[in-house]
Amino acid sequence: MNIAVLGAAWGDEGKGHIVHHLSKDYDWIVRFNGGANAGHTIYRDGVKYVHNLMPSFDWRSNKPKAFLGSGMVIDLEQLHKEVTTLWNSHSDYPSRVYVDPDAFVVLPEHKEEDKKSNGHIGSTNRGIGPAYTAKISRKGLRVRDVMLAADSTLDTKRIQEMKRMGVRFKGLMELRREMEDSQLLFEGAQGVMLDINHGIYPYVSCSESTVAGVYSCGFHFAKPEKVYGVAKCYTTKVGEGPFPTELSGQEAHDLRERGNEYGATTGRPRRVGWIDLPALDYACQKGGITHLVLTKFDILNGMERVPMCVAYDKPPTSSHDFFDAKPQYITVPGWKDAKSPDEDRVIPFIRKVEGLTNCRVSYISCGTDSKDIMPW
Ligand code: IMP
Ligand code: MG
């Protein structure tokens with residue numbers, strides 16, 4: 001069975017951690033959208049890794065291979081760095097990485113342009129907007145074009161070096177046979193609220209972070225049967241734009257410090273707030289999400305009661321409705337230690353999430369280790 005793991009909020013929900021844990025049971029871990037704006041944080045044997053482009057596969061397990069799909073925009077300098085990290089871990093590992101030559105590239109001028117023109121969105125400055133703009137306006141450059149370039153640019157050399165390390169540049173048509181007989185895990189980047197079509201426009205990224213992104217990458221033959229949406233048991237956001245349950249002052253400071261909420265890619269302090277169930281419900285519906293994974297329960301350990309936003313003054317029916325939403329809260333009993341096997345005090349919280357999103361919670365995560373992810 002193929003599955004997808006998507007962000008059900010504004011990114012940074014802990015997708016990398018979940019995908020890494022699940023990856024050993026899949027043959028292919030596929031990134032299908034975005035670029036190095038993503039920061040997927042993974043802990044392996046206690047060591048922290050941040051993957052910006054590389055799918056979050058557990059390279060200690062022999063099984064999974066990694067595929068970077070055509071829906072991505074790839075900064076070859078950054079990819080070269082991540083492949084080198086992989087190579088330094090084990091020289092065999094890069095041969096498990098495949099890149100679709102139909103993906104577009106992020107050029108140095110895209111990053112410069114991003115800094116100049118996308119500050120009001122809170123861009124990560126990784127050149128994402130300008131690279132997708134070039135693609136849509138039919139002026140983009142694909143990985144394939146860089147490979148075939150007559151004059152040897154820095155990026156052409158990077159591709160040659162990655163090939164020497166073992167990376168394969170192969171398109172979906174060439175891999176389809178093998179993939180049809182495999183189990184695929186599609187790893188989303190960003191989150192539904194940052195999706196170009198369904199997120200809170202214009203405060204969005206430029207790719208498809210709903211399940212539609214899987215299909216526009218060409219995977220019609222590999223339908224994900226379960227689509228997991230990952231959300232924290234509170235909410236965070238980097239960048240500008242509406243955030244209905246945002247906290248301010250001391251309360252925000254305390255939650256940010258408890259959760260160590262600083263961007264994995266940019267180091268920016270994240271905006272923080274309580275869980276937002278109308279937004280989560282919207283994300284499930286727009287994202288094609290069928291199951292939920294809730295993360296960071298350990299961060300709220302010891303709270304007497306936990307606030308939850310259960311409604312707005314009117315239910316959101318379009319992304320426009322988030323701009324002036326007035327959140328309404330309840331509180332539910334808190335938990336001492338979500339990790340403890342007999343801690344059933346998380347039940348009221350989870351029931352509320354399930355009740356208001358019509359999605360089953362399949363896993364909860366209470367820490368950075370793989371064993372902190374518990375089937376629910
Ligand atoms: P861009 O994708 O760099 O253009 O950024 C557009 C908006 O999406 C900004 O608000 C960023 O902070 C946000 N964003 C982009 N990628 C991520 C991510 O992986 N996690 C969280 N926020 C992101
Ligand atoms: Mg992140």
Side-chain angles (χ1 to χ4, degrees), residues 7 9-20 31 33-44 46-56 72-86 88 106 108 110-131 187-191 193-194 199-200 203-207 209 230-232 234-243 246-273 295-296 298-299 365 367-368:
W10 280 276
D12 307 321
E13 303 93 346
K15 297 179 290 293
H17 176 43
I18 303 299
V19 169
H20 188 252
R31 272 278 309 264
N33 74 308
N37 48 348
H40 294 175
T41 307
I42 292 161
Y43 290 84
R44 284 187 194 91
V47 181
K48 179 178 167 178
Y49 295 84
V50 177
H51 290 204
N52 296 118
L53 289 166
M54 192 64 71
S56 306
M72 293 182 73
V73 286
I74 298 180
D75 175 347
L76 290 164
E77 182 184 0
Q78 175 62 29
L79 184 62
H80 183 270
K81 268 190 211 154
E82 292 184 43
V83 169
T84 306
T85 304
L86 205 59
N88 289 337
V106 174
H110 294 149
K111 290 185 265 189
E112 285 309 310
E113 171 68 20
D114 215 4
K115 274 183 220 150
K116 270 191 249 151
S117 34
N118 291 316
H120 61 296
I121 305 294
S123 160
T124 60
N125 291 334
R126 297 303 175 102
I128 305 303
E187 176 182 21
Q190 291 80 50
M193 303 308 266
L194 289 172
I200 305 185
Y203 300 101
V204 293
S205 190
C206 301
S207 69
S209 37
V230 186
K232 284 176 184 155
Y234 51 97
T235 309
T236 65
K237 172 171 173 37
V238 284
E240 305 305 316
F243 179 177
E246 183 169 20
L247 292 170
S248 60
Q250 193 62 37
E251 228 183 344
H253 175 266
D254 292 347
L255 184 54
R256 183 178 304 114
E257 292 308 309
R258 282 169 80 145
N260 189 26
E261 294 297 349
Y262 293 88
T265 304
T266 58
R268 289 181 288 180
R270 294 181 182 139
R271 299 161 67 189
V272 298
T295 62
K296 296 198 98 164
D298 51 319
I299 303 305
S365 162
T368 56

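From a predicted model like this one, the values you see are computed outputs, not experimental measurements.
- Residues Lys232 and Asp12 have side chains in contact (heavy-atom distance under 4.5 Å, counting atoms from C-beta outward).
- Between Glu261 and Arg268 there is no salt bridge, since none of the side-chain N atoms of the basic residue sits less than 4.0 Å from a carboxylate O of the acidic one.
- Partner of Glu187 under the side chain to side chain donor-acceptor pair (under 3.5 Å) criterion, out of His40, Lys15, Arg31: His40 alone.
- Nearest heavy atom pair, residue Ala131 against residue Val106, reads CB-CG2, 3.8 Å.
- A distance-only check finds no donor-acceptor pair linking the side chain of Asn33 to the backbone of Met72 [under 3.5 Å].
- Of the inter-residue distances, the one linking Thr124 atom OG1 with Lys115 atom NZ reads 11.0 Å to the nearest 0.5 angstrom.
- By the side-chain hydrogen bond (donor to acceptor under 3.5 Å, both in side chains) test, Glu246 pairs with Arg271, sequence neighbours left out.
- Annotation: the span from Ile121 atom CD1 to Tyr203 atom OH amounts to 6.0 Å, rounded to 0.5 Å.
- For Lys81, the salt bridge (charged side-chain N to carboxylate O under 4.0 Å, His left out) criterion is met by no residue, not counting sequence neighbours.
- Side-chain contact between Ser207 and Asn37 is absent, with no heavy-atom pair separated by less than 4.5 Å.
- In this structure, the side chains of Ile18 and Ser365 come closer than 4.5 Å at one or more pairs of heavy atoms.
- A heavy-atom distance below 4.5 Å is not found between the side chains of Val19 and Pro55.
- In this structure, a donor-acceptor pair under 3.5 Å is absent between the side chains of His110 and Arg126.
- Counting heavy atoms from C-beta on, the side chains of Val230 and Thr295 come closer than 4.5 Å.
- Nearest heavy atom pair, residue Gly199 against residue Val204, reads C-CG1, 3.5 Å.
- The distance from the CG atom of Leu79 to the CE atom of Met54 is 5.5 Å, given to the nearest 0.5 Å.
- Contact detail for Thr41 and Ala264: the closest heavy-atom pair is OG1-CB, 3.5 Å.
- Of the inter-residue distances, the one linking Cys206 atom SG with Ile128 atom CD1 reads 8.0 Å to the nearest 0.5 angstrom.
- Geometrically, Arg270 does not engage Tyr262 in a cation-pi contact, judged by NZ or CZ lying under 6.0 Å from the ring centre and within 45° of the ring axis.
- The two atoms that bring Ala36 and Leu53 nearest to each other are N-CD2, 3.5 Å, heavy atoms only.
- Scanning both residues, Ile200 and Pro242, for their nearest heavy atoms gives CG2-CG, 3.5 Å.
- Distance NE2/His20 to OG1/Thr368: 12.0 Å, rounded to 0.5 Å.
- In this structure a side-chain-to-backbone donor-acceptor pair under 3.5 Å is present from Thr265 to Ala38.
- Without hydrogens or angle criteria, Lys237 side chain to Glu240 main chain gives a donor-acceptor distance under 3.5 Å.
- In terms of heavy atoms, Leu194 sits closest to Trp10 at CD1-O, 3.3 Å.
- Proximity of a side-chain donor or acceptor of Glu13 to a complementary backbone N or O of Ala9 within less than 3.5 Å is detected.
- Looking at Tyr43 and His17, their side chains never come closer than 4.5 Å, going by heavy atoms from C-beta outward.
- Checked by atom type and distance alone, the side chain of Glu82 pairs as donor or acceptor with a backbone atom of Asn52 at under 3.5 Å.
- Applying the salt bridge (charged side-chain N to carboxylate O under 4.0 Å, His left out) rule to Arg258 yields no partners; only residues at least two apart in sequence or on another chain are considered.
- Looking at Ser117, its side chain does come within 3.5 Å of a backbone N or O of Glu113 through a donor-acceptor pair.
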- Mind running salt bridge (charged side-chain N to carboxylate O under 4.0 Å, His left out) on Arg256 and Glu251 for me, showing each step along the way? CA-CA 9 Å; Arg256 183 178 304 114; Glu251 228 183 344; over 6 Å; no
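- Rounding to the nearest 0.5 Å places CD1 of Ile299 at 11.5 Å from OG1 of Thr236.
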